[in-house]
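Encoded as structure tokens, the structure appears first; notes follow it.
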Amino acid sequence: MSTNTRRYRDMLAAIRKERGEKCEACGAPARHGHHVIAVGQTGIAADLVYEPRNVLLLCEDCHLL
């Protein structure tokens with residue numbers, strides 16, 4: 001596993017521990033981390049990718065929207 005993958009998974013685990021396992025939009029079980037400012041805009045190596053304030057926990061339905 002790459003360092004970036006590990007860093008991202010660790011960040012998601014910390015968010016889940018802090019915020020819980022519920023979708024921040026509808027309350028259903030959350031399975032996805034959604035970047036508010038898209039990775040495509042910042043680049044995968046940008047620190048913003050790993051910034052918890054830039055990530056929402058969402059269920060699959062809300063993430064698709």
Side-chain angles (χ1 to χ4, degrees):
M1 180 181 320
S2 75
T3 302
N4 287 341
T5 300
R6 168 63 66 194
R7 184 177 175 195
Y8 183 72
R9 286 184 178 180
D10 288 348
M11 184 256 318
L12 282 179
I15 289 172
R16 286 187 177 105
K17 184 176 180 182
E18 178 183 310
R19 301 181 198 170
E21 298 279 337
K22 304 269 184 194
C23 176
E24 295 183 72
C26 75
R31 297 187 41 91
H32 299 274
H34 173 76
H35 288 89
V36 177
I37 300 173
V39 174
Q41 290 178 317
T42 63
I44 194 68
D47 284 336
L48 194 55
V49 171
Y50 309 100
E51 174 56 54
R53 292 176 294 180
N54 188 44
V55 176
L56 293 173
L57 294 176
L58 299 175
C59 68
E60 185 151 353
D61 290 340
C62 290
H63 194 230
L64 288 172
L65 292 175

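This one's a predicted model, so the numbers in the text were calculated from it and none came from an experiment. Values below: every heavy atom of this structure, side chains too, minus hydrogens, waters and symmetry copies.
- One finds the CG atom of Leu48 at 7.5 Å from the NE2 atom of His35 (value rounded to the nearest 0.5 Å).
- Val49 is connected to Leu57 through a chain of hydrophobic side-chain contacts under 4.5 Å among Ile, Leu, Val, Met, Phe, Trp and Tyr, so both are in one cluster.
- Nearest approach of Ser2 to Thr5, heavy atoms of both residues: OG-OG1, 2.9 Å.
- Here Lys22 contributes atom NZ and Leu58 contributes atom CG; the two are 14.5 Å apart, rounded to the nearest 0.5 Å.
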When the side chains of residues 8-21 are checked against the rest of the protein, which donor-acceptor pairs come out under 3.5 Å, sequence neighbours left out?
residue : atom : partner : partner atom : Å
Arg19   : NH1  : Glu24   : OE2          : 2.9
Arg19   : NH1  : Val55   : O            : 2.7
Arg19   : NH2  : Pro52   : O            : 2.8

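- Note on residues 49-65: pairs passing salt bridge (charged side-chain N to carboxylate O under 4.0 Å, His left out), not counting sequence neighbours, are Glu51-Arg53.
- A distance of 12.5 Å separates SG in Cys23 from CZ in Arg31, rounded to the nearest 0.5 Å.
- The shortest distance between side-chain heavy atoms of Cys59 and Pro29 does not fall below 4.5 Å.
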